[in-house]
Number of protein chains: 2
Amino acid sequence: MVTKAENQELRLKKNIKKYFLQAQPMLENGVCPTKALFAASMDKWSMFCVFNLGYFKVLRFTELKNKIPGISARMLSVSLKKLEQNGIVARKVFAEVPPKVEYTLTPFGKGLAEKLADLGNWFLAHYPNKDS
Amino acid sequence: MVTKAENQELRLKKNIKKYFLQAQPMLENGVCPTKALFAASMDKWSMFCVFNLGYFKVLRFTELKNKIPGISARMLSVSLKKLEQNGIVARKVFAEVPPKVEYTLTPFGKGLAEKLADLGNWFLAHYPNKDS
DNA sequence: CGGTATCCGTTGCGATACTG
DNA sequence: CAGTATCGCAACGGATACCG
């Protein structure tokens, strides 16, 4: 008989194996997908940007800045540029005075947002030090 | 009529809203769950540790080091300590000479590994710059 | 074997000032 | 409004040496 916990472990092993197998040929080409993932989007400011754009759909620079307490204009600028370069965020400039720029998630960005929200919710539900 | 894409967007918004709502009371207590998540486990070395422990179940320090190309003893030590403090990794010391230490994932760590493997696999499947 | 201590160059990032 | 430029400190992290 196979217990529930054993099933879970087997599924985990299988999923990680899948990741390892897919990553292998990329590693041989000098590209590490894990590093790429982190380089593209895995820092806290990027995560805040992705969450807010996932929720509000379209935001301007200053709106986004106001929704992310503690972020500086510099880091917001840097994060958005990185996200744009990696195809996660789309930037739309309007030829107006004063200037107007709108940020949205690309389809790829929306998929990523889904996965990150999933991770965040799981973490919130299981984090043992919630009260500390 | 509601299209598939619209449904996806609604689900995304709902999931992020759930995260925001859960996070709100923690933020008022001065704890940011997103920062906690990153502080606990979101760097590339920690991710490699979690993946390898998820796959091989139990590994010793040097085994883990050998399975993670490029990691230094210092960073492996630092990462494992952080993961242990955050309840993700369990450390078992054997009173032997020469010393023997085994690392495994805690149940919390296994859950996290599942989510990270899921994220990694999604990223591998959709990353647009796979070939670059 | 399984680490720790120290050094030190590199990077991250906030603050401030400035611009089309 | 939507950024950029520069500065300066702090943290990251690799190399090396050492230890119980």
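This is a predicted model, so every value here is computed, not measured.
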Nearest-Å distance for atom pair CD/P, residues A:Glu96 and D:dA2: 10 Å
Any B:Tyr103 side-chain N or O less than 4.0 Å from OP1/OP2 of C:dG3: yes
Near-strand residues of residues 63-78 of chain A, defined as heavy-atom separation under 4.0 angstrom from DNA chain C: A:Ser72, A:Arg74, A:Met75
Nearest-Å distance for atom pair CZ/P, residues B:Phe61 and C:dT4: 8 Å
side-chain hydrogen bond (donor to acceptor under 3.5 Å, both in side chains) against A:Asp118, all qualifying residues, sequence neighbours excluded: B:Lys115
B:Lys92 atom NZ, over 12 foreign heavy atoms within 6.0 Å: no
Sugar-phosphate only, base, or nothing, as touched by A:Lys44 at under 4.0 Å among non-hydrogen atoms: nothing
Ring pair (Phe, Tyr, Trp, His ring centres under 6.0 Å): pairs with one or both residues in residues 49-80 of chain B, sequence neighbours excluded: A:Tyr19-B:Phe51, A:Phe20-B:Tyr55
Length of the NZ-P vector between A:Lys100 and D:dG3, whole Å: 13 Å
Whole-Å gap separating P (C:dG3) and CG (B:Leu83): 13 Å
A:Met42 CE to D:dC12 P, straight-line distance once rounded to whole Å: 17 Å
Atom-pair distance (CD on A:Glu102; C1' on D:dA2), nearest Å: 13 Å
B:Asp43 CG to C:dT11 C1', straight-line distance once rounded to whole Å: 15 Å
Gap between atoms CZ and P, on B:Arg60 and C:dC1 respectively (whole Å): 7 Å
Least distance between heavy atoms, A:Leu53 atom then A:Tyr103 atom: CD2-O, 3.3 Å
Nearest-0.5 Å distance that lies between atom OG1 in B:Thr34 and atom CZ in A:Phe48: 4.0 Å
Within 6.0 Å of NZ in B:Lys17, more than 12 heavy atoms from elsewhere: no
